[in-house]
Amino acid sequence: MIPFNKPHITGRELEFISDAVDCGHISGNGKYTKLCQQLVEQQWGFHKCLLTTSCTDALEMAAILLDIKPGDEVIIPSFTFVSTALAFVRQGAKIVFADSRFDHPGIDEAAIEKLITKKTRAIVVVHYAGVATDMKLLMEIANRHQIPVVEDAAQAIDSYFINGDSKQALGSFGVLSAFSFHETKNIQSGEGGMLVINDPKLVKRAEIIWEKGTNRAEFFRGEVNKYGWVDTGSSFLPADTIAAFLYAQLLDFKNIQLKRIELWNNYQRLFESWDSDRVKLPLIPDYATNNGHMFYVLLESYDLRQKLIQHLKANDVLAVFHYLPLHASPYYMDKHDGRKLPNASYFADNLLRLPLFYELSFEQQQYIFSLISAFIKRN
Ligand SMILES: *Cc1c(COP(=O)(O)O)cnc(C)c1O
């Protein structure tokens, strides 16, 4: 069986976990948490990072930090994982769902402006498959309306927005950004996440929310002589053993990224050489880089995709679809304002994700490609 995903282990995870245990500090905000945060801040130019137990948690911190309240509106793409919306829904916000672009599953930047009202308190973008949203266009709209941007960068580690001769890491644009280190992501710790705080004014409060509403982080730095309950919050910190695992992955990130991009390019070459107009390939716009997070193809219809999934499964290959559009989900359907979001629905029905993980071999990729091309020719 070729699985859809197989978490990659770099080889140093247990060494660092063992060291964390020997250090005697295995709760949150220990040695490895600090090492991870520093490495990420330096590597990608983020102002401040805090490790969290998941990207879902990082997004919850973002919604709290932005003081989202009942009656506020938050613009979020419909074609995304539930966590993107969940944090804002829990704060009582009304979600105004945005459609995908016609040529890419990411948010339709140009359609955002007409969703903005006096009540809009945040715009959340998702860099789908690690491919940048057009951040120049998006930040121009958000800045003009003075609305904070949150990046759901769960899939976007080590990916960039290209602006002329320079490139800037995804996750460094929004006032706040959230990354995931779930085992399905490029760099992983089983479960794990990170909040990036790019607005210096939010750092102090972020640390308090992170530490159950207490100023404990300041206390341990010796900045205050006692600590107590000063704000809302929760327990958002991962154990330092998780951070130790993550540190091994982060030290090896260049190698992991090279390998995943190579696998992505292999798929691209195989499908391009076939040159079928019946299977569409992913678009990487000129302003975006590719971090090899996900390779998908677009089929002509929902039925064809479902039959292909069955066919692949019968031949020991697990390929998967994803995202039932959030605006049509059982939980939010009757709260949605009724607008049709045809592009989100199109990607939900037609997109198929192929296996992509570090240990996937080229022979396995060729096998997957030949199964798909032979099936499409017959159907
Ligand atoms: C994976 C993912 C999440 C959730 O990440 P967790 O770390 O599992 O909470 C959120 N948003 C997007 C776009 C994702 O791909």
Side-chain angles (χ1 to χ4, degrees), residues 4-5 7-8 33 36 40 49-64 74-90 95 97-98 100-101 104-107 122-133 135 138 149-159 170-171 173-174 176-196 210 234-239 242-243 245-246 249-250 260 282 288 290-296 320-327 329 331-332 344 347-348 351 353 356-357:
F4 172 68
N5 179 54
H8 171 59
T33 300
C36 288
V40 171
C49 295
L50 293 175
L51 291 192
T52 57
T53 52
S54 65
C55 178
T56 305
D57 264 6
L59 288 161
E60 274 187 39
M61 287 184 68
I64 298 170
V74 179
I75 298 172
I76 293 180
S78 175
F79 190 72
T80 182
F81 190 60
V82 60
S83 299
T84 317
L86 204 52
F88 300 92
V89 169
R90 285 187 50 188
I95 308 303
F97 283 113
S100 297
R101 292 161 56 124
H104 185 269
I107 195 165
I123 300 170
V124 187
V125 297
V126 178
H127 304 297
Y128 181 83
V131 175
T133 303
M135 293 313 282
L138 186 100
V149 169
V150 175
E151 297 175 74
D152 179 341
Q155 306 174 6
I157 194 89
D158 195 38
S159 204
L170 300 182
F173 290 87
L176 298 162
S177 303
F179 284 88
S180 174
F181 302 119
H182 185 264
E183 70 170 20
T184 51
K185 305 301 196 289
N186 291 21
I187 308 290
Q188 57 97 18
S189 56
E191 301 278 354
M194 180 176 72
L195 179 72
V196 174
W210 192 51
S234 190
S235 183
F236 288 115
L237 319 80
I242 301 278
F245 187 108
L246 182 64
Q249 297 261 320
L250 285 169
R260 293 189 70 108
N290 177 16
N291 72 346
H293 175 61
M294 185 200 300
F295 191 88
Y296 63 85
V320 299
F321 67 88
H322 71 169
Y323 302 155
L324 303 168
L326 297 182
H327 74 280
S329 60
Y331 183 63
Y332 219 82
F347 289 111
L351 187 145
R353 303 160 71 195
L356 203 168
F357 50 88

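Order of appearance sets the numbers: ligands from 1, and atoms from 1 within every ligand. Every value quoted in this text rests on a predicted model; they were computed, and no experiment measured them. One-based numbering along the sequence shown.
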K.L.:
Using a 4.0 Å cut-off to any heavy atom of Gly192, which atoms of ligand 1 qualify?
P.N.:
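What qualifies from ligand 1 is 7 (O).
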K.L.:
In this structure, does ligand 1 have an atom that sits under 4.0 Å from one of the heavy atoms of Ala58?
P.N.:
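It does not; every heavy atom stays at 4.0 Å or beyond.
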K.L.:
Of all the non-hydrogen atoms in the protein, which one sits nearest to atom 4 (C) of ligand 1, and at what distance?
P.N.:
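Going atom by atom, the protein heavy atom closest to atom 4 (C) of ligand 1 ends up being Phe81 CD2, 3.8 Å.
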K.L.:
Taking 4.0 angstrom as the limit and counting only heavy atoms of Ser54, give me the atoms of ligand 1 inside it, by number and element.
P.N.:
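Close to Ser54: 7 (O), 9 (O).
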K.L.:
When rounded to the nearest 0.5 angstrom, what distance separates CD1 in Ile107 from NE2 in His127?
P.N.:
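These two atoms lie 10.5 Å from each other.
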K.L.:
CG/Leu324 to OG/Ser78 distance, rounded to the nearest 0.5 angstrom?
P.N.:
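Result: 10.0 Å between the selected atoms.
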K.L.:
Nearest 0.5 Å, what's the OG1-CG distance between Thr33 and Leu246?
P.N.:
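With rounding to 0.5 Å, OG1 (Thr33) is 9.0 Å from CG (Leu246).
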K.L.:
Look at atom 14 (C) of ligand 1 and say which protein heavy atom is nearest, naming residue and atom and giving the distance to 0.1 Å.
P.N.:
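That would be Ala154 CB, 3.3 Å.
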K.L.:
In terms of residue, atom name and distance, what is the protein heavy atom nearest to atom 7 (O) of ligand 1?
P.N.:
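Protein heavy atom at minimum distance: Ser180 OG, 2.7 Å.
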K.L.:
Could you check whether atom OH of Tyr331 has more than 12 heavy atoms from other residues, nucleotides or ligands sitting under 6.0 Å from it?
P.N.:
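Not more than 12 within 6.0 Å, no.
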K.L.:
For ligand 1, which atoms, with element, lie under 4.0 Å from some heavy atom of Val126?
P.N.:
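That gives atoms 13 (C) of ligand 1.
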K.L.:
Mind checking whether Ser83 has an N or O less than 3.5 Å away from an N or O of ligand 1?
P.N.:
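Checking ligand 1 against Ser83, no N or O pair falls under 3.5 Å apart.
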K.L.:
For the rings on His322 and Tyr128, is their centre-to-centre separation under 6.0 Å?
P.N.:
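Between His322 and Tyr128, the centre distance is under 6.0 Å.
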K.L.:
Would Tyr332 and Phe97 count as a ring pair (Phe, Tyr, Trp, His ring centres under 6.0 Å) here? Give the steps.
P.N.:
CA-CA 10 Å; Tyr332 219 82; Phe97 283 113; 5.4 Å; yes
K.L.:
Before signing off on this row, confirm whether His182 and ligand 1 have an N or O atom pair separated by under 3.5 Å.
P.N.:
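For ligand 1, there is no N or O atom that lies under 3.5 Å from one belonging to His182.
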K.L.:
Take His182 and Gln188 through the side chain to side chain contact (heavy atoms under 4.5 Å, CB included) test and state the conclusion after the steps.
P.N.:
CA-CA 5 Å; His182 185 264; Gln188 57 97 18; over 6 Å; no
K.L.:
Would Lys185 count as being in polar contact with ligand 1, using the rule that some N or O on each side must be under 3.5 angstrom apart?
P.N.:
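Lys185 vs ligand 1: N/O contact under 3.5 Å present.
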K.L.:
Side chain, backbone, both or neither: which part of Tyr323 has a heavy atom under 4.0 Å from ligand 1?
P.N.:
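Tyr323 to ligand 1: side-chain contact only, backbone stays beyond 4.0 Å.
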K.L.:
Counting only nitrogen or oxygen atoms and a 3.5 angstrom limit, does Thr56 reach ligand 1?
P.N.:
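Yes.
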K.L.:
I need the minimum non-hydrogen distance between Asp152 and Thr80, along with the two atoms involved.
P.N.:
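In this case the closest contact between Asp152 and Thr80 is OD2-OG1, 4.4 Å.
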K.L.:
Which atom names give the shortest non-hydrogen contact between Ile76 and Ala85, and what distance separates them?
P.N.:
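Looking at all heavy atoms of both residues, the closest pair is CD1-CA, 3.7 Å.
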K.L.:
For atom 15 (O) of ligand 1, grab the closest protein heavy atom and report residue, atom and distance to one decimal in Å.
P.N.:
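Looking at atom 15 (O) of ligand 1, the protein heavy atom closest to it is Gln155 NE2, 2.8 Å.
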K.L.:
Looking at atom 13 (C) of ligand 1, what's its closest protein heavy atom, distance included?
P.N.:
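For atom 13 (C) of ligand 1, the nearest protein heavy atom comes out as Asp152 OD2, 3.5 Å.
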